[in-house]
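Not measured: the values here are computed from a predicted model.
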Amino acid sequence: QVQLVESGGGLVQPGGSLRLSCAASGFTFTRYSMGWFRQAPGKEREFVAVISWSGGSTYYADSVKGRFTISRDNAKSTVYLQVNSLKPEDTAVYYCAASGMRYSRYADDYDYWGQGTQVTVSS
């Protein structure tokens, strides 16, 4: 059974940081690129970042470039998203997802999705 379980979300003040984690099981983790998406209330789900299966390539949305860092530990079947310099507009449910493609920023290219973790940025 495929599972992607996110953790690490929470309430943080503007300028703060969090480290989101996504533990994968039930599929061959090293054959999938891994992405993070987010969805704010009343908005569509949007791409945040993706990392290739080896971890050698990454790609970010312009809105998070320089503030967020995606990484993976293939030995632990886990992908991470370090989120720094958080802004109120980063408030959203953050989802991790697995794609059999090389790496993609399009949600339709992803095969498996987690349930999400809430990140709220507020003073």
Side-chain angles (χ1 to χ4, degrees):
Q1 180 183 0
V2 172
Q3 280 194 311
L4 293 173
V5 181
E6 301 96 334
S7 61
L11 173 64
V12 62
Q13 292 185 342
S17 298
L18 289 170
R19 189 194 195 201
L20 308 184
S21 299
C22 172
S25 61
F27 64 100
T28 305
F29 185 72
T30 53
R31 292 183 180 176
Y32 286 77
S33 60
M34 297 297 296
W36 285 93
F37 291 75
R38 66 187 182 185
Q39 187 166 18
K43 295 188 176 182
E44 293 187 353
R45 189 171 298 189
E46 65 171 352
F47 166 78
V48 174
V50 62
I51 188 167
S52 61
W53 67 270
S54 68
S57 298
T58 58
Y59 181 73
Y60 297 90
D62 288 343
S63 59
V64 307
K65 201 173 295 182
R67 300 188 297 123
F68 291 11
T69 302
I70 189 171
S71 61
R72 66 190 293 162
D73 185 338
N74 285 344
K76 296 182 179 180
S77 296
T78 301
V79 61
Y80 304 96
L81 186 69
Q82 178 68 41
V83 296
N84 298 329
S85 302
L86 282 163
K87 306 174 182 179
E89 52 263 42
D90 294 318
T91 295
V93 177
Y94 283 71
Y95 299 89
C96 72
S99 172
M101 297 188 64
R102 183 168 176 262
Y103 57 84
S104 170
R105 60 187 178 97
Y106 300 106
D108 286 348
D109 290 334
Y110 285 76
D111 304 299
Y112 308 126
W113 290 84
Q115 294 301 306
T117 186
Q118 176 71 49
V119 172
T120 302
V121 185
S122 175
S123 54

Note, [X] side chain near [Y] side chain (heavy atom, < 4.5 Å):
X    : Y   : value
E6   : Y95 : yes
Y110 : V50 : yes
M34  : S77 : no
Q82  : L18 : no
Y60  : I70 : yes
E44  : F37 : no
F68  : T58 : no
L20  : W36 : yes

**Report entry** Heavy-atom donor-acceptor pair, S99 side chain to D109 backbone, under 3.5 Å
**Finding:**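 Side chain of S99 to backbone of D109, a donor-acceptor pair under 3.5 Å: yes, one is there.
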**Report entry** Any donor-acceptor N/O pair, S33 side chain to S52 backbone, under 3.5 Å
**Finding:**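 Such a contact is absent between S33 side chain and S52 backbone.
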Can you measure from [atom1] ([X]) to [atom2] ([Y]) and round to the nearest 0.5 angstrom?
X    : Y    : atom1 : atom2 : value
Y32  : D111 : OH    : CG    : 5.5 Å
D108 : M101 : CG    : CE    : 11.0 Å
Y94  : C22  : OH    : SG    : 15.0 Å
L81  : S71  : CG    : OG    : 8.5 Å
S85  : R67  : OG    : CZ    : 6.5 Å
Q39  : T91  : CD    : OG1   : 14.0 Å

Query raised in the report: Run the side chain to side chain contact (heavy atoms under 4.5 Å, CB included) check on Y106 and F47 step by step: do they pass?
Result: CA-CA 7 Å; Y106 300 106; F47 166 78; over 6 Å; no
Report task. Applying side-chain contact (heavy atoms from CB on, under 4.5 Å), name anything that partners A23, two or more places apart in sequence or on another chain. Result ->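 If we apply the side-chain contact (heavy atoms from CB on, under 4.5 Å) test to A23, skipping adjacent residues, the hits are T78.
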Would you kindly confirm whether [X] and [Y] end up in one hydrophobic cluster when ILVMFWY residues are joined by side chain heavy atoms under 4.5 Å apart?
X    : Y    : value
L86  : Y80  : no
Y112 : I51  : yes
L4   : Y103 : no

Report task. Indicate yes or no: does D90 engage K87 in a salt bridge with an N to O separation below 4.0 Å. Result ->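 No, this pair does not count.
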Query - More than 12 heavy atoms from other groups under 6.0 Å of NZ on K43 - result: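 Counting other residues, nucleotides and ligands, NZ of K43 stays at 12 neighbours or fewer.
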Query raised in the report: So R45 and W113, side chain to side chain contact (heavy atoms under 4.5 Å, CB included) or not? Walk me through it.
Result: CA-CA 12 Å; R45 189 171 298 189; W113 290 84; 3.1 Å; yes
Query raised in the report: On the ring face of W53, is R72 found with NZ or CZ under 6.0 Å from the centre and within 45° of the axis?
Result: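 Cation-pi check for R72 and W53: fails.
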